[in-house]
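Input: a single structure, listed below in structure tokens.
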Amino acid sequence: MLDIKYLRQNIDLVRQKMDERGQKIDFDRFLDLEAKRRDILQAVESLRNERNSVSKQVGELKKKKEDASVLIEKMGDVSIRIKEYDESLRVTEEELNAFVMIVPNIQHESVPKGTGSEDNPVVRTWGEKPVFSFEPKQHFDLGENLNILDFARGAKITGARFTLYRGAAAQLERAITNFMLDLHTGNHGYTEVFTPFMVNAESMTATGQLPKFKEDLFKIEGMEYYLIPTAEVPVTNIYRDEILEEEKLPIYFVAYSACFRAEAGSYGKDTRGLIRQHQFNKVEMVKFSKPESSYDELEKLTANAEEVLKKLGIAYRTVCLCTADLGFSSAKTYDVEAWLPGQNTYREISSCSNFEDFQARRAAIRYRRKDNGKVEFVHTLNGSGLAVGRTVVAVMENYQQADGSIIVPEALRPYMRGLERITP
RNA sequence: GGAGAGAUGGCUGAGUGGCCGAAAGCGAUCGCCUGCUAAGCGAUUGUACGCCCUUCAAAGGUGUACCGCGGGUUCGAAUCCCGCUCUCUCCGCCA
């Protein structure tokens, strides 16, 4: 959420920024609502002021056993007017709030302008794409041939976009998860947390999933609880409605979680395999940072995600999302894309973003500056470190052999009880 | 699921209708004092949103709101009433 006062005072800049993002937003309506709110607020506050001072007089008169009935009668009318104003204030604030809650974040000045994902510049590439003496297969064919990925039974148990892992694939999923958690906690300074997989509506609103993206979420029947689409939600909400001490910052958390996404509107996309599932596992890194260092933290966060692929020996490239491709809450995002030989393309495996104070304002996550005691919003960041299912895909496709077996990358062998090769 | 108790500032905790944004203590910050440390003394110490002042902001002034959340009663609510949420204790069930 953007600051209302900032929005009012910088409306032309915001219009231009939203234009670059391809967002059409009726800011005139905002300005009307905002002015209306202040008018009502002033009116009702001055009435309250009157009531407070008269009530005080009433108290003094009664103490002296004098008659206060004239004042009391007058105040009855004032209270009714206050109630009326309160109601119109409530309605106006609700409308204003509904408006600002669906305005995206303002992109950082370094974000490239563009009109679609084809305009995302590649900022770096790493690693050698493997060379095969045969036609490399896609992971779903490899997995079915090895009898370690069972899409048909996943669909039987639940439905489309659910998968049954068996044997080495199930172990690989678990190995990758543990490998990544150990890397980030052991080498990158993150504290591991384990969170609820269901959250309430307040938490979803704080990180930006609600109200605008309700249709992407799974909701629990009969309760205001939602299945998390990413651990970003519960982890960022750890400090909702709190004021942190400056010396605690930056705070680094890493969390494994299952993630649940309705994938509304993605019918026909990536219908085969593990790339797009309703349920998948992810290791997520979340940071709480001081404003002045958040962009340094974003670079480090992205490097932490890339490190996983380096350790696994999988080629990747990192792109910077352009204005049109940037997510709702983000001010700047790098996507890390792993090379998938079976698909002959790079696919997103991590997304690392700086939200600046956009989430912090919604969530009321603040910190007190040591030097002047002032309270201000933290910056929040997060990035996948990495999406586990997609990492399984990358390992399978990059390490496949002519006979259909899969070599286990060295870094994962300790987590696979020394297994070097997955064979039928 | 049943019964009971509770929710007040960074923390502990007082407060049953007006003098309460809230005692006291702890903690924190600043200053004084003191060979150092400790102790002592003094001051300060919530957040949000308006308005005034200011080129803007900060500072300052002023107003309003907030004692778990939402309603109600009343001239006036932390305090009384109703609903909800959460926490704790006991019982039942349970991985």
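What you are looking at is a predicted structure, and each value in this text was computed from that prediction instead of being measured. Numbers restart at 1 for each chain; the letters A, B, ... are given by sequence-line order, proteins then strands.
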Strictly under 6.0 Å, is that where the ring centroids of A/H188 and A/Y252 end up?
->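 No, too far apart.
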
Taking any heavy-atom pair under 4.0 Å as a contact, classify [X]: base, sugar-phosphate, or nothing.
X: A/V78; result: nothing
X: A/L41; result: sugar-phosphate
X: A/K74; result: nothing

Side-chain donor/acceptor contact of A/E45 with base of B/G63 under 3.5 Å |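 Donor-acceptor pair under 3.5 Å: yes.
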
Of the nucleotides B/C86, B/C75, B/C51, which one has an atom closest to the side chain of A/Q42?
->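 The listed nucleotide nearest to A/Q42's side chain is B/C51.
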
Would you mind telling me which of B/U47, B/G50, B/C75 lies closest to the side-chain atoms of A/R368?
->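 Looking only at side-chain atoms, A/R368 lies closest to B/U47.
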
Residue-phosphate contact under 4.0 Å: [X] side-chain N/O, [N] OP1/OP2:
X: A/R51; N: B/G76; value: yes
X: A/Q9; N: B/A57; value: yes
X: A/K83; N: B/U73; value: yes
X: A/N52; N: B/U64; value: yes
X: A/R37; N: B/G50; value: yes
X: A/N49; N: B/G63; value: no
X: A/S79; N: B/U74; value: no
X: A/R38; N: B/C51; value: yes

Starting from the 5' end of RNA chain B, give me the residue, A/K370 or A/R366, whose nearest nucleotide shows up first.
->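 It is A/K370, whose closest nucleotide lies nearer the 5' terminus.
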
A/K374 vs A/V58, nearer the 5' end of RNA chain B by closest nucleotide = A/K374

Is A/C352 close to A/L298 at the side-chain level, that is, under 4.5 Å between some pair of heavy atoms?
-> yes

Does a donor on one side chain and an acceptor on the other come within less than 3.5 Å for A/Y367 and A/E245?
->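 On atom types as modelled, these side chains do not qualify, holding no pair under 3.5 Å.
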
Pair A/Y256-A/E192, side-chain donor/acceptor within less than 3.5 Å |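 No, no side-chain donor-acceptor contact under 3.5 Å.
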
What is the base-pairing partner of B/U54, counting Watson-Crick and G-U wobble geometry with both distances under 3.5 Å?
-> none

Does the pair A/E306/A/R124 count as a salt bridge with the N-to-O cut at 4.0 Å?
->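 Yes.
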
